[in-house]
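The figures here come from the full heavy-atom set of this structure, side chains too, leaving out hydrogens, waters and symmetry mates. Only a predicted model underlies this, so the values are computations on that prediction, with no experimental measurement involved. Each chain gets a letter, A, B and so on, in the order the sequences are listed, and its residues count up from 1.
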Number of protein chains: 2
Amino acid sequence: MTETDKDQCDLLDGLRRGRPAAGQDPVKRSQIIEGARRVFIDKGFEAASMNDITREAGVSKGTIYVYFANKEELFEALIEEERGTIFKNMYDMLDRADDLRETLVKFGKVLALKITSAKVVQAQRTVIGASDRMPELGARFYERGPKRGHDKVVAFLNAAIERGLLKIDDVDLAAYQFTELCLAGLFRQCIFAYRTKAPSQDEIDHIVRSGVGMFLKAYGTERLATEESTQTIALEAKS
Amino acid sequence: MTETDKDQCDLLDGLRRGRPAAGQDPVKRSQIIEGARRVFIDKGFEAASMNDITREAGVSKGTIYVYFANKEELFEALIEEERGTIFKNMYDMLDRADDLRETLVKFGKVLALKITSAKVVQAQRTVIGASDRMPELGARFYERGPKRGHDKVVAFLNAAIERGLLKIDDVDLAAYQFTELCLAGLFRQCIFAYRTKAPSQDEIDHIVRSGVGMFLKAYGTERLATEESTQTIALEAKS
DNA sequence: GGGCGATCGAACCGATCGGTTCGAATATTT
DNA sequence: AAATATTCGAACCGATCGGTTCGATCGCCC
């Protein structure tokens, strides 16, 4: 939050105070992007028309071209925003140093829930489809989205290793394995529209618990087993 | 000679002998589809133009519309063919009842190699992008491609269970887990154009071996361990 | 060798595309 | 209230789209 301080000013007090310079009103900008979202996301880049967006956003075409140089730039701005909202806060729980297994389960469930939700699936489809003609866009989406999440998982695993709970040779690979185990085919099914509906909570729970179990069986240490059984005993004593 | 006679002739011998009926020549049909492949695959459905395909196929536009009713139908025919060639023979090795671990490794490597190859990635991207506007197309692609492969993996795992080598509660889930472990993030990286090149043989080998190890550690039985150590001893005795 | 028919190729259709232009309308500042 | 500047809305641009039409052409079959 450095260069956009001025922009954020207008956002902070919520209201529009003073007339913004041409193409500088964040409210109108959001309005345009919101219209663009509705059109781009469910038609794809090519099939979406600027006239559709004009209609959907309730903003004149001329105004759109004051805020965005062309169709491609508007699309990129939209994708950038989508990426931000999709991955925001998704990895927060990895910051806490709670019980390892339950943290992994919780995180895995949030991950699977998010990635397979109808809206996010559509957004990803749009990005993937556009990656044919704009590879850098897809790459940046991945880099600033899934890749950053992956890095956080790596950091989390390293912390667990340091605590002596895990033993992993290739942490990077292990992080991918964990993520994929939590999705277990759901991503591909959703992205290809084979699944018409997002998976249920129960299904995700089942998958994630199985995946975490597999993961810990492979990488968990003696110490982890000890701690877990201790906790189990404590729990049993409680009841 | 009546029309039916001519049709029978063409059906009997695979080659072009005599003039095929309009829109019935398999050679020309392939020629059209080949042009369509080049254009559709690297531009996507919307951005591809029928004039491009005309040029690329070296076939007049009128002729194309004799063979295919419209752009969508041609696209569907292409995708159907692509699906066929991509998944053909991919799962053959699962039919043999060789050493379990090495069969899984071999299969996993072929799978990862294929799915992440530049051509297949592009094709998948095209299908995914088109799944926005033609969900049934994406669904059928998945169903007759990845899904059939998945079913074969399930069957293979069931056979191994019967042989007492594996113990699995949810075989369907296990099959997904295995597949995803073999890909371990590669699919997402490729599909989003984050990876510009397909992964190397070495990388795939590393990933698959790790994944198979994890899988067998989770689902392998005592008997599997015994058999494997026996084989190891036999190998050592040989050398 | 004559006729039948598939293909060619180019012109053509109406529609729509991304993008521009410009006067009218609107709202803010002084 | 006058001056100023953003937005509106609709017309407009050239290009291209998917799809059709039709006479010219060429090759197979009788």
Side-chain angles (χ1 to χ4, degrees), chain A residues 7 10 13 15-36 39-40 43-78 130 133-134, chain B residues 1-10 13 15-36 39-40 43-78 130 133-134:
Chain A
D7 292 349
D10 291 335
D13 57 0
L15 299 170
R16 286 162 81 167
R17 241 182 32 209
R19 169 179 291 257
Q24 297 297 331
D25 185 349
V27 173
K28 193 148 291 268
R29 193 187 141 97
S30 306
Q31 190 180 341
I32 296 170
I33 289 203
E34 176 53 32
V39 179
F40 275 132
K43 290 192 158 195
F45 177 78
E46 299 289 344
S49 93
M50 291 301 272
N51 288 323
D52 290 345
I53 295 173
T54 283
R55 200 177 313 115
E56 205 69 32
V59 169
S60 91
K61 210 167 165 183
T63 304
I64 291 186
Y65 277 95
V66 170
Y67 281 78
F68 302 93
N70 51 44
K71 189 184 183 186
E72 197 160 319
E73 199 169 285
L74 171 57
F75 181 68
E76 284 173 4
L78 164 66
R133 110 163 0 200
M134 321 179 205
Chain B
M1 187 186 264
T2 69
E3 265 188 32
T4 26
D5 284 339
K6 259 189 329 192
D7 288 351
Q8 277 175 355
C9 260
D10 289 336
D13 56 0
L15 298 172
R16 265 168 103 167
R17 231 184 43 205
R19 168 177 295 255
Q24 297 297 330
D25 185 349
V27 173
K28 193 148 292 268
R29 194 186 140 97
S30 306
Q31 190 180 340
I32 295 171
I33 289 203
E34 177 52 33
V39 179
F40 275 131
K43 290 192 156 193
F45 177 78
E46 298 290 344
S49 92
M50 291 301 273
N51 288 324
D52 290 346
I53 295 173
T54 283
R55 200 176 314 115
E56 206 69 33
V59 170
S60 90
K61 210 167 166 184
T63 303
I64 292 186
Y65 278 95
V66 169
Y67 281 78
F68 302 94
N70 50 44
K71 189 183 182 186
E72 198 160 319
E73 199 169 284
L74 171 58
F75 182 67
E76 285 172 3
L78 164 66
R133 108 161 3 195
M134 321 178 204

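Residue A/Ile53 contributes atom CD1, which lies 13 Å from atom C1' of C/dG19 at whole-angstrom precision. Atom CD1 of B/Ile64 and atom P of C/dC8 are 9 Å apart (whole Å). Nucleotide C/dT7 holds its P atom 12 Å from the CZ atom of B/Phe68, rounded to whole Å. For the pair A/Lys28 NZ and D/dC8 C1', the interatomic distance rounds to 9 Å; values are reported in whole Å. With rounding to whole Å, A/Ile32 atom CD1 is found 14 Å from D/dT6 atom P. Distance OH (B/Tyr65) to C1' (C/dT7): 17 Å, rounded to an integer number of Å. Distance A/Met50 CE to C/dT20 C1': 12 Å, rounded to the nearest Å. Atoms CZ (B/Arg55) and C1' (D/dG18) sit 15 Å apart, rounded to a whole Å.
Along DNA chain D, the nucleotide nearest B/Gly62 and the nucleotide nearest B/Lys71 are compared for position; the residue whose nucleotide lies closer to the 5' end is B/Lys71. Map A/Asn51 and B/Gly58 each onto its nearest nucleotide of DNA chain C; the residue landing nearer the 5' end is B/Gly58.
Contact between B/Thr63 and B/Ile32 at its shortest, heavy atoms only, is O-CD1, 4.5 Å.
Side-chain N/O atoms of B/Lys61 and base N/O atoms of D/dG19 include a donor-acceptor pair closer than 3.5 Å.
Taking side-chain N and O atoms only, A/Ser60 has a distance below 4.0 Å to OP1 or OP2 of D/dC8. Between D/dT16 and B/Ser49, no contact under 4.0 Å exists linking OP1 or OP2 to a side-chain N or O.
Panel note: side chain A/Thr54, backbone A/Met50; a donor-acceptor pair is recorded below 3.5 Å. With hydrogens and angles ignored, the 3.5 Å screen pairs a side-chain donor or acceptor of B/Gln31 with a backbone N or O of B/Ala57.
The A/Thr63 side chain lies nearest to D/dC8 when the options are D/dG19, D/dC8, C/dG19. Residue B/Asn70 has its side chain nearest to D/dG19 when only D/dT7, D/dG19, C/dG19 are considered. Listed nucleotides: D/dT7, C/dG18, C/dT7. Nearest to the side chain of A/Tyr67: D/dT7.
Here the side chains of B/Phe68 and B/Glu76 are not in contact, with every heavy-atom distance at 4.5 Å or above.
Note on B/Ala48: only backbone sugar-phosphate atoms sit closer than 4.0 angstrom, heavy atoms only; bases stay farther off.
For the pair A/Lys71 and A/Phe45, the distance from NZ or CZ to the six-membered ring centre is under 6.0 Å and the angle to the ring normal is within 45 degrees.
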